Amino acid sequence: MSVQPSPSDPSADNNAGSTDFVRTIVNEDNRTGKHAGRVHTRFPPEPNGYLHIGHAKSICLNFGIARDYGGLCNLRFDDTNPSKEDVEYVDSIMEDVRWLGFDWGDRLYYASNYFQQIYEWAVQLIKAGKAYVCDLTADQVRQTRGTLTEPGANSPYRDRSIQENLDLFERMKAGEFPDGSRTLRAKIDMSSPNLNLRDPVMYRILRATHHRTGDQWCIYPTYDFTHGQCDSIERITHSICTLEFENHRPLYDWYIRELGIFAPQQIEFARLNLTYTVMSKRFLLQLVKDGLVSGWDDPRMPTLCGVRRRGYTPEALRDFCALIGVSKVDSTVDIALLEHCLRTDLNRRTNRVMGVLRPLKLIVDNYPEGQVERMEAINNPEDPQAGTRMVPFSRELYIEQDDFREVPPKKYFRMTPGQEVRLRYAYLVRCTHVVNDPATGEPLEVHCTYDPATRGGNTPDGRKVKGTIHWVSASEALPVEVRLYDYLFTKPNPYDVPEGVDFRANMNPNSLERLTRCFVEPSLKGAAPGSRFQFERLGYFCVDPDSTPNRLVFNRTVSLVDTWAKIQKKG
Ligand code: ATP
Ligand code: MG
C-alpha cells in the first residue's frame, strides 16, 4: 500500500486513478446506461449518536462518488426509532459532515418526511394480501422465527382476511391498542433460509414523541420497511451501505418489487474498524453515560467532534479514507496509519513553537540579570511563507526535566554536568552544576554558562554539539495546562475480553494525563480554541475550548513518533 499523501483539497479527486469495486460498478452502470449516466448517492445516519471515524469512511465514499461523477449526494436522517433519537444528534451530524468538507446543498431529508407515503405503501401491501396484522408479542415472534437450520412457524394470525387486516392496521394507527400488542408483518416465507424474509415486522406500536413528527404517529415503520423506500423516493442510483446489510438486500428488493417502485441498487462494503478503538454508537454512548469519558467530544473519543477537539484536521481524515479505500472484506486498520496521515498534514500546516511540559529551572549564571534578548525562530520549515518570530531569552529559563541528567546514560547528548548543548535558536551552554532538593534528591535548578559568541545557536569555530534542546524564558513564558492522551483501550482489539465482562474491562486507566504546570513561549498568548501548533520535539497540540483568556489549555493531538512511517521503511 502506498502511503504517499494525497491532495488535501476536498474538491480534488483523492481517488484519482483508483478503481475500488464501488466505482467499478458505477463505471459499468454508466457504460451500459443503466441510470442514463445519473449518479445519486446518500449518506443515511440514524440520529441516535454522534458520528465517528467509521462514518467518515461512508461520508467520503458517498459524497466522494457523487463529486467524482458529477452526481448528487443527499443527507438523509434515518429517523424511524424515536425512543433513541434526538435533535442534539441531528445538529451534531450536520456540523460534522460540513466540517469534513462536504455539502448536501438543498438535499436534506428525513425518513420521517415520508411516514405518510410509507403508511400508504403498507396499506397497499395489505390490500395485495402481502401483509397482515399479527397479535404475537415481540418475544413470541422471536420464538417462532426458527433458526438457521430450522424453519419458523406460521403465525396463527397469518391468514386474517384483507378486510380484517385493513381494519386492525387502521386502528393501530388510531391508537386503539397498547404499545407492543400488535405488529404489521410482511407475508413472505417462514421457511426462507434468509431469516430476514420470515415474515419480518413492518410496523410496531410505539407511543414515543418523535423529534420531528411529535405525537402525530403512534405506529412507526421498521428500519427495513423504510430504508429502501426512502432510497426509492429520492431516486438514489447507488445505495451504499455496510456489509451487515447484505442479507437484508433480498428483503429490500422484495418490498420494492411488490410495491412496483423505482429500484435503487444496494452495494455493501466493509465497515472501518481501527485498532485500540471502539466504533459503535451504542458502545460510545455507554462510555458517555457511564462517565468514563467527559462527553461525546472527549478528545479520546473516535467521534468526529472528539477528534476535532483533539486537533485532527478534516484533510487528514479524508486522506486516510482515500488511502484505506473500500473493499468487501472486513478488516481492522492499524491506528498508526491514521496517525501517520494526521502527522503528514499537521507537519505541512502547523507553526512550530517552544513549550515545556515538565519544567526544570535552568539558570545561565554568566548572563546579565534583567536582560532580555529576542531570538529569531523559524515558524515552519515546511512552509517558507510562514516566516519567523522573535522568542525572548533571559537568564532564567525552563527546560524539560527529561533533558537533564546528573548521571547521564550512554549516548546522552542533552544537558549533563560538563557537557555543552545548544539551546534552540539561542546559545550554546555548558552545565556547571545542579542544586538538588535535599528532601527528595530531585533536581531543583540546573546552572550553566553560555558562550556569547554562539548567538542564534551558531558555532563560529565549527565545533560540534550533538544535543539541541528547547526552552522558554521563565519570566516571559505563559503558564498553561496540557492534556496528554493515550488510547482509550489497552488492547488492539478492545472486544477481546474474558467471559462475563465487556469491552470496558479493557479500558486504559492512564488514557488521560493532565499537566497543570507547563509553560509556552509568549507568542501563543490569545491563541484561539482550535488553533494547532507543533511544540518542538513534543508533538502537535491544539487549543482546547476549556481555555480562558488567562489560561490556555492544550490537547496533544499526536506525538511526533511516526510508527507507521517506520514500519513502511522497514517493509
Ligand atoms: P453504529 O454501529 O456506530 O451505530 P450504524 O451503522 O448503526 O453505526 P448509522 O447512523 O446507521 O450507524 O450509519 C450511517 C451510515 O454510516 C451507514 O450507511 C453505515 O453503514 C455507515 N457506517 C457506520 N459505521 C461505519 C463504519 N465503521 N465504517 C464505515 N461505514 C460505517
Ligand atoms: Mg444503525
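None of the values given here were measured: they were computed from a predicted structure. Both counts, for ligands and for their atoms, begin at 1 and track the order of listing. Counting begins at 1 with the first residue of the sequence.
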Enumerate the atoms of ligand 1 whose separation from the nearest heavy atom of [X] is less than 4.0 angstrom.
X      : value
Phe269 : 29 (C), 30 (N)
Glu46  : 9 (P), 10 (O)
Phe43  : 14 (C), 15 (C), 16 (O)
Pro44  : 14 (C), 18 (O)
Thr242 : 19 (C), 20 (O), 29 (C), 30 (N), 31 (C)
Pro45  : 10 (O), 14 (C)

(message) Between Arg532 and Tyr312, does the side-chain contact (heavy atoms from CB on, under 4.5 Å) criterion hold? Intermediate values first, please.
(response) CA-CA 9 Å; Arg532 306 182 185 92; Tyr312 276 59; over 6 Å; no
(request) Measure the acute angle between the ring planes of Tyr119 and Trp217, then classify it against the limits of 30° and 60° as parallel, tilted or perpendicular. (result)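 The rings of Tyr119 and Trp217 sit tilted, inter-plane angle from 30° to 60°.
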(request) If the plane angle is over 60° it's perpendicular, under 30° parallel, otherwise tilted; pick one for Phe283 and Tyr495. (result)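 Plane angle between 30° and 60°, so tilted.
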(request) With heavy atoms only and a cut-off of under 4.0 Å, state how Met279 meets ligand 1: side chain, backbone, both or neither. (result)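 Answer for Met279: backbone.
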Flag [X] as yes when one of its N or O atoms lies below 3.5 Å from any N or O atom of ligand 1, and as no otherwise.
X      : value
Lys281 : yes
Ala270 : no
Glu244 : no

(message) Quick one about Asp29 and His238 (side-chain donor to acceptor, distance below 3.5 Å, no hydrogens or angles considered), yes or no?
(response)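 Asp29 and His238 do have a side-chain donor-acceptor pair below 3.5 Å.
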(request) State which residues pass salt bridge (charged side-chain N to carboxylate O under 4.0 Å, His left out) with Arg198; sequence neighbours excluded, sorted by chain then number. (result)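 Arg198 satisfies salt bridge (charged side-chain N to carboxylate O under 4.0 Å, His left out) with no residue once adjacent residues are dropped.
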(message) Considering Leu61, Leu284, Leu272 one by one, which has a heavy atom nearer to atom 27 (N) of ligand 1 than any of the others?
(response)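 Selected option, by shortest heavy-atom distance: Leu272.
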(message) Within the supplied structure, the quantity of interest is the number of heavy atoms (other residues, nucleotides, ligands) at a distance under 6.0 Å from Lys173 NZ; does it exceed 12?
(response)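 Result for NZ/Lys173: enclosed.
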(request) Report the C-alpha distance between Glu234 and Arg42 in whole Å, list the side-chain angles of each, state the deciding distance to 0.1 Å, and finish with yes or no for salt bridge (Lys or Arg N to Asp or Glu O under 4.0 Å). (result) CA-CA 9 Å; Glu234 294 172 15; Arg42 84 287 173 267; over 6 Å; no
(message) If the threshold is 4.0 Å, N to carboxylate O, is there a salt bridge linking Glu315 and Arg348?
(response)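 Arg348 and Glu315: not salt-bridged.
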